[in-house]
Structures are given as structure tokens and as C-alpha cells.
Amino acid sequence: MPSVTNNLIDTLPRSARNRLLSICEPVDLISGHLVSGSDSLTRHVYFPTGSILSLMTSSKDAPVLEVGMVGSEGMLGLQVVLAVGSVPLQASVRGAGTAWRVAAEPFNRELAGSRALQQNLNCYLQVTLLQLSSEARCVRFHQISRRLARWLLMTHDRTHADSFNVTQALIAHLMGVRRVGIAKAAGAFQRKGMISYARGVLTIVDRKALELETCSCYETALKTYARFMP
């Protein structure tokens, strides 16, 4: 069993939790691995326990843009709750680690027979929809430095560690901005003692200070999750 738990599973009543876990298998997810492609049939649902999954959108005339990330607070494959077989998003592993995986067919059967699971996932669906709208607003209106602070805090929340492997090029790619903008903002954070960065390893040094640099979208996301989730 993964050593770090998943909130959606943990908050289920014991009987519902045990039934769900009985059809799950623990998996190790490798950084960079494509878990699901855009518009591909949903074959598995994932509940991260120590990994981070990145949700990205892309088109022929625009670069990739990260529109969400999933860690131990949530799940990948939420579209099955709506009986939708695919979504126009691709998901890849951004932070290696563990997860619970369950095939879509047995998961749908368990979902149909578990009111507790339905309630948890309906609440999480509401949270996800609100966070997607917040993400769109953040991308459109907020400065790169504030968006970067938010991105780092969200990653920190899901890594369960102060240090994680990431490059400025990858952050720029996911945020849909030029690398020079990320380098400038990250450099300012490092000079202020909020983060340290060396050889592809970024460490959160002063989280409190970083929270003062982020936009209001970060706090809004936390309050939204606390409001709707058990």
C-alpha cells in the first residue's frame, strides 16, 4: 500500500473505502510518462498518493498549457462521473511517485453502488470546475511572478517534500510563457531567500514569504476545496 494517502479515499466511510481499495492496484508512476492522451478512451482512474499529474490542453495552432494538477487531494479520470468516455486534455506524470489505479469498468460499477463515493466525487467535480475557471482568470490577468508563486505553492502542497525536480524550461512550457520570464521571477525569489535552485532541484525555503508573493487565486483554491470537500 502506498505510504501517502489520498483524501478522496480517506474520507469515505470504512466500508466504502475498503470496497474501493479492493478493486485498486498500487502503481509507481514515472516522471514524464503520458498517462492519458487527449480525447483518448478513459481506461483507468488514478488516485495519486505520492505523485503529481499534470493536466494539459493543446491545439494545432497553440502550444501546450497546463490547466490543472492533481495530487493526493484528488483523482484523474473525473469524467467517468459524468459518464463521459474521453476529454480533450492530456495527462502526464510531473512528479514521480505512487498512486492507486483502477480500471474504468469496475470503477463504474463501484460508483453506481456507492452513494458515499458518488457524494465525494460530485463535491470534487464542483471543486474542479471552479478551479478551472480560476485558472483561466489567472492566466489572463495575473503577472508571471504571481503565477509562478502560485504554481510553486501548488506543487509544494502535492509533493509532500520541500525539494522537487523541475527545470525553468519545463515551468515555462507548462505555464505557456517565455523561459526568460520564469528565470527573472525565480531569480528574484531566490535573492529574497524564498527558494533555492541548483542542478534542476528546486527547494522551497520560505513558504510564508512565497505565499505573500502569490495571487489571490491560490487562497481561493484552498478555500474552495475546504468549503466543498468533506
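- The number of heavy atoms from other shown groups lying within 6.0 Å of CZ (Arg207) is above 12.
- Between the side chain of Gln131 and the backbone N or O of Leu129 there is no donor-acceptor pair closer than 3.5 Å.
- Note on Val84: it clusters hydrophobically with Leu78, by side-chain heavy-atom contacts below 4.5 Å among ILVMFWY residues.
- Checking side-chain atoms of Thr203 against main-chain N and O of Ser163 turns up no donor-acceptor pair under 3.5 Å.
- With a 4.5 Å cut-off on side-chain heavy atoms, Val81 and Asn122 count as touching.
- Remark: Leu210 CG to Ile195 CD1 distance equals 7.5 Å, nearest 0.5 Å.
- Checked by atom type and distance alone, the side chain of Arg94 never pairs as donor or acceptor with a backbone atom of Ile52 at under 3.5 Å.
- In this structure, Leu121 is a member of the same hydrophobic cluster as Leu132, with clusters built from ILVMFWY side-chain heavy atoms closer than 4.5 Å.
- Side-chain contact check for Glu213 versus Phe189: some heavy-atom pair is nearer than 4.5 Å.
- Residues Phe107 and Leu20 meet the side-chain proximity criterion, which asks for heavy atoms closer than 4.5 Å.
- Proximity of Val27 to Trp100: side-chain heavy atoms (C-beta onward) are nowhere separated by under 4.5 Å.
- The cluster map of Ile, Leu, Val, Met, Phe, Trp and Tyr, joined by side-chain heavy atoms under 4.5 Å apart, puts Leu117 and Val80 in the same cluster.
- Under the 4.5 Å side-chain contact rule for hydrophobic residues, Leu53 and Val127 share a cluster.
- Salt-bridge annotation for Asp28 and Arg101: absent, with no side-chain N of the basic residue lying under 4.0 Å from a carboxylate O of the acidic one.
- In this structure, the side chains of Asp206 and Lys192 stay at 4.5 Å or more apart for every pair of heavy atoms.
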Test side-chain hydrogen bond (donor to acceptor under 3.5 Å, both in side chains) applied to Glu66 and Ser54, step by step
CA-CA 7 Å; Glu66 184 180 62; Ser54 179; 2.5 Å; yes

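- Between the side chains of His160 and Ser72, a donor-acceptor pair is found at a separation under 3.5 Å.
- Ion pairing of Arg19 with Glu110 is present here, as a side-chain N (NZ or NE/NH1/NH2) and a carboxylate O approach within less than 4.0 Å.
- Look at Arg147 and Glu135 and you find no salt bridge, because none of the NZ, NE, NH1 or NH2 atoms lies under 4.0 Å from a carboxylate O.
- Val64 and Val70 fall into different hydrophobic clusters, where Ile, Leu, Val, Met, Phe, Trp and Tyr side chains are chained together by heavy-atom contacts under 4.5 Å.
- Atom SG of Cys24 and atom CG of Asn6 lie 9.0 Å apart (nearest 0.5 Å).
- For the residue pair Tyr218 / Asp157, a side-chain donor-acceptor distance below 3.5 Å is found, with atom types taken as modelled.
- Separation of atoms OG (Ser216) and CZ (Arg150) is listed at 9.5 Å; rounding is to 0.5 Å.
- A donor-acceptor pair under 3.5 Å is absent between the side-chain atoms of Thr214 and the main chain of Glu211, judged by distance alone.
- Nearest heavy-atom pair, Ser40 versus Ser36, reported as atom, atom and distance to 0.1 Å: OG-C, 4.0 Å.
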Take Leu65 and Met56, measure what side chain to side chain contact (heavy atoms under 4.5 Å, CB included) needs, and give me the verdict at the end.
CA-CA 5 Å; Leu65 178 68; Met56 297 170 290; over 6 Å; no

Could you give me the CA-CA distance, side-chain angles and deciding distance for His142 and Cys217, then say whether side chain to side chain contact (heavy atoms under 4.5 Å, CB included) is met?
CA-CA 9 Å; His142 294 155; Cys217 298; 3.3 Å; yes

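- From Leu89, atom CG reaches atom CD of Gln79 across 8.5 Å, with rounding to the nearest 0.5 Å.
- Heavy-atom minimum distance, Ala99 versus Ser51: CB-OG, 4.0 Å.
- With contacts defined as side-chain heavy-atom distances shorter than 4.5 Å, the pair Asn7/Tyr225 qualifies.
- Side chains of Ile30 and Val93 form no contact here, defined as non-hydrogen atoms less than 4.5 Å apart.
- The structure places CG of Leu152 at 11.0 Å from CE of Met154, a figure rounded to the nearest 0.5 Å.
- No more than 12 heavy-atom neighbours from other residues, nucleotides or ligands sit within 6.0 angstrom of CD on Glu105.
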If you apply the rule side chain to side chain contact (heavy atoms under 4.5 Å, CB included), what do you find for Leu153 with Ile204, and how did you get there?
CA-CA 9 Å; Leu153 289 169; Ile204 304 297; 5.8 Å; no

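- Of the inter-residue distances, the one linking Gln126 atom CD with Phe228 atom CZ reads 4.5 Å to the nearest 0.5 angstrom.
- Among all heavy-atom pairs drawn from Ala16 and Ala116, the shortest one is CB-CB, 4.2 Å.
- Considering only heavy atoms from C-beta on, Leu55 comes within 4.5 Å of Leu76 through its side chain.
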Is there a side-chain hydrogen bond (donor to acceptor under 3.5 Å, both in side chains) between Thr5 and Asp10 once you walk through the steps?
CA-CA 7 Å; Thr5 55; Asp10 291 347; 2.6 Å; yes

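- Other residues, nucleotides and ligands contribute only 12 or fewer heavy atoms inside 6.0 Å of the CD atom of Glu219.
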Side chain to side chain contact (heavy atoms under 4.5 Å, CB included) between Leu8 and Met229, intermediate numbers included
CA-CA 9 Å; Leu8 293 180; Met229 298 306 301; 3.3 Å; yes

Tell me which donor-acceptor pairs under 3.5 Å the side chains of residues 165-184 have, and how far apart each pair is, sequence neighbours excluded?
unit_1: Thr167; atom_1: OG1; unit_2: Leu170; atom_2: N; d: 3.0

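- With hydrogens and angles ignored, the 3.5 Å screen pairs a side-chain donor or acceptor of Ser133 with a backbone N or O of Leu130.
- Within 6.0 Å of CD in Gln119 there are more than 12 heavy atoms belonging to other residues, nucleotides or ligands.
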